[in-house]
Amino acid sequence: MLENINIHSAPRRLCGNCLPEIPFGLKDLNQELEQRKARCLYRARRISDGPQQPEMVVDGRAVVSFCSNDYLGLANHPDVKAAFIRGIRQYGAGSGAAHLINGHSRAHHALEEELADFSGYPRALLFSSGYMANIGLAQALVGKGDTVLEDRLNHASLLDGGLLSGARLMRYQHNRAKDLEQKLASRTQGERLVMTDGVFSMDGDIAELPALAQSCERNDAWLMVDDAHAIGVLGEQGRGTLEYHGVLTDDVPIYMATLGKALGTAGAFIAGSEALIETLIQRARSYIYTTASPPAVAEATRASLALVKTQPQLRARLTANIRYFRRCCEQAGIALSDSQTAIQPIIIGDSAETVALSERLLARNILISAIRPPTVPEGTARLRITLSAGHQQAHIDKLVAELSNLK
Ligand SMILES: *Cc1c(COP(=O)(O)O)cnc(C)c1O
């Protein structure tokens with residue numbers, strides 16, 4: 001459990017990506033920052049003006065953005081904004097307290113019921129962010145003597161959740177149910193919790209849920225799927241990875257998804273059985289000890305969920321954009337990985353080179369961020385292109401033309 005874990009004893013690097021950093025002495029801060037700069041790993045924010053959408057003003061420059069997670073263009077949708085404003089009129093600005101004190105509004109409750117219905121589970125529980133949902137889940141369900149098994153390329157929040165839970169953390173080869181099964185077989189004591197991205201956030205490939213679910217079933221382990229990049233976009237009705245694969249909710253007892261990507265607002269939820277949700281309410285510290293998100297955010301999310309259900313043309317437009325981008329790249333001789341989702345990385349390898357390419361694109365008014373270690377494994381720095389239903393063909397034409405000019 002959380003009380004027992006000492007972050008200083010966490011291994012510095014299990015593998016290249018995504019592990020929390022070790023605190024160092026204050027006097028070393030500048031040296032550490034300089035080293036980061038020298039290795040092209042220094043990170044800085046850009047300041048945007050105006051709403052999240054394909055055409056943005058960033059650091060004063062008009063750009064076409066290809067790095068947003070707003071896959072359906074809902075972050076600036078009139079219906080969602082109107083619901084947000086109505087929510088503020090009805091509930092005010094802030095929730096005022098944690099869910100278990102008196103911050104749990106009718107808006108939060110209605111959204112939980114609608115999310116449970118949409119994802120096909122008996123219950124759902126809102127969290128203020130996906131990061132907090134993943135931290136809270138692992139900590140509530142497992143501890144010392146238990147095992148968390150994670151895909152090597154899982155999102156940092158899943159890895160942090162596993163580490164902070166105090167359970168033993170094991171990582172299996174990317175999307176390899178066989179390797180997972182061997183590792184499960186080697187750990188028969190205690191609870192076993194398997195966590196995977198539904199769509200892998202830096203590569204865009206889709207988890208092999210049927211095989212993973214079978215391995216978990218055979219070994220009596222819990223399977224948890226993080227559908228941050230799949231909810232709203234994958235599957236005929238946008239219900240995510242389970243719908244995409246035709247996997248039943250019974251085979252994935254714990255489902256998590258975020259609301260700040262395709263749904264365009266903020267927050268996250270975990271869905272599952274009555275007993276799972278009641279357990280999280282009792283035990284998940286990142287649920288209990290934090291202020292509930294503003295009720296108006298829940299009202300806005302209810303509006304975006306309604307759009308996801310009633311406007312399949314948004315998904316159709318995203319799919320058409322993904323196909324169009326891939327076809328144009330093929331014609332231009334630009335090598336892509338085989339992702340079929342909105343996440344289309346171009347792997348460069350070297351961090352300095354990736355940063356230089358990103359800067360050259362920015363000079364041509366194309367915004368694509370350079371993703372570097374530790375977010376991705378050493379030697380796999382990349383330009384991570386993301387597409388949205390909001391992009392027009394002319395945006396994609398410009399992107400492909402500028403990518404061609406880089407060669
Ligand atoms: C973005 C993301 C999260 C974190 O969600 P937030 O709501 O942004 O905190 C968790 N898991 C995955 C796979 C993500 O891509």
Side-chain angles (χ1 to χ4, degrees), residues 17-20 45 52 67-72 74-75 108 111-112 115 119 124-139 148 150-165 171 174-175 193-207 209 212 223-234 240-242 244 252 254-271 284-287 290-294 297-298 300-301 304-305 339 341-345 369 371 374-377 382 384-388:
N17 50 339
C18 308
L19 288 169
R45 286 99 36 95
Q52 183 63 247
C67 46
S68 166
N69 301 313
D70 181 27
Y71 298 127
L72 298 178
L74 296 182
H108 293 118
L111 176 59
E112 287 184 343
L115 289 168
S119 53
L125 186 71
L126 278 177
F127 284 76
S128 297
S129 76
Y131 189 91
M132 288 166 70
N134 286 340
I135 298 282
L137 175 80
Q139 168 266 316
V148 173
E150 302 210 22
D151 189 290
R152 277 202 167 280
L153 297 188
N154 269 357
H155 189 263
S157 59
L158 290 167
L159 297 172
D160 290 0
L163 278 172
L164 291 171
S165 72
R171 300 172 80 186
H174 177 51
N175 232 343
L193 172 63
V194 176
M195 301 173 107
T196 183
D197 280 23
V199 168
F200 288 89
S201 54
M202 295 301 139
D203 294 83
D205 55 337
I206 301 170
L209 275 195
L212 295 171
L223 176 59
M224 180 272 193
V225 174
D226 173 341
D227 243 1
H229 295 281
I231 191 167
V233 293
L234 272 201
T241 316
L242 280 75
Y244 173 85
V252 180
I254 308 168
Y255 181 80
M256 175 274 187
T258 66
L259 308 172
K261 289 173 177 146
L263 282 128
T265 57
F269 70 97
I270 292 175
R285 297 169 66 91
S286 63
Y287 180 78
T290 196
T291 301
S293 62
V297 175
T301 309
S304 57
L305 188 61
S339 161
T341 66
I343 301 167
Q344 295 286 332
S369 53
I371 306 284
T375 305
V376 292
R382 64 198 65 189
R384 177 174 175 272
I385 294 163
T386 54
L387 297 165
S388 158

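This structure is a prediction, so every number in the text was calculated from the model and none was measured. Remember, it's 1-based here, ligands and their atoms both numbered in the order they're listed.
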Pull out every atom of ligand 1 sitting under 4.0 Å from any heavy atom of [X], numbered as shown with elements.
| X | value |
| --- | --- |
| Asp226 | 10 (C), 11 (N), 12 (C), 13 (C) |
| Tyr131 | 4 (C), 5 (O), 6 (P), 9 (O) |
| Ser129 | 7 (O), 9 (O) |
| His229 | 14 (C), 15 (O) |
| Gly130 | 4 (C), 5 (O), 6 (P), 7 (O), 9 (O) |

Please check if the side chain of [X] supplies one atom and the backbone of [Y] the other of a donor-acceptor pair under 3.5 Å.
| X | Y | answer |
| --- | --- | --- |
| Asn154 | Met195 | yes |
| Asp151 | Thr196 | no |
| Ser388 | Asp70 | yes |
| Asp203 | Asp205 | no |
| Arg171 | Leu159 | no |
| Gln52 | Ser68 | no |

- Query: Heavy atom of Ala268 under 4.0 Å from ligand 1?
  - Reply: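 The answer is no, since Ala268 has no heavy atom less than 4.0 Å from ligand 1.
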- Would you check whether Met132 reaches within less than 4.0 Å of ligand 1, judged by its heavy atoms?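 Checking ligand 1 against Met132, which is what was asked, there is no heavy-atom contact under 4.0 Å.
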Counting both backbone and side chain atoms, is some N or O of [X] under 3.5 Å from an N or O of ligand 1?
| X | result |
| --- | --- |
| Thr258 | no |
| Asp197 | no |
| Lys261 | yes |

- Item | Rounded distance [0.5 Å steps], NZ in Lys261 versus CG in Leu72 |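 With rounding to 0.5 Å, NZ (Lys261) is 13.5 Å from CG (Leu72).
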- Task: Supply the atom-to-atom distance Phe200 CZ to Leu153 CG, rounded to the nearest 0.5 angstrom.
- Result: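 Answer for the CZ-CG pair, Phe200 versus Leu153, is 6.5 Å.
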- Item | Protein heavy-atom partner closest to atom 10 (C) of ligand 1 - residue, atom, separation in Å |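 The closest one turns out to be Ser157 OG, 3.2 Å.
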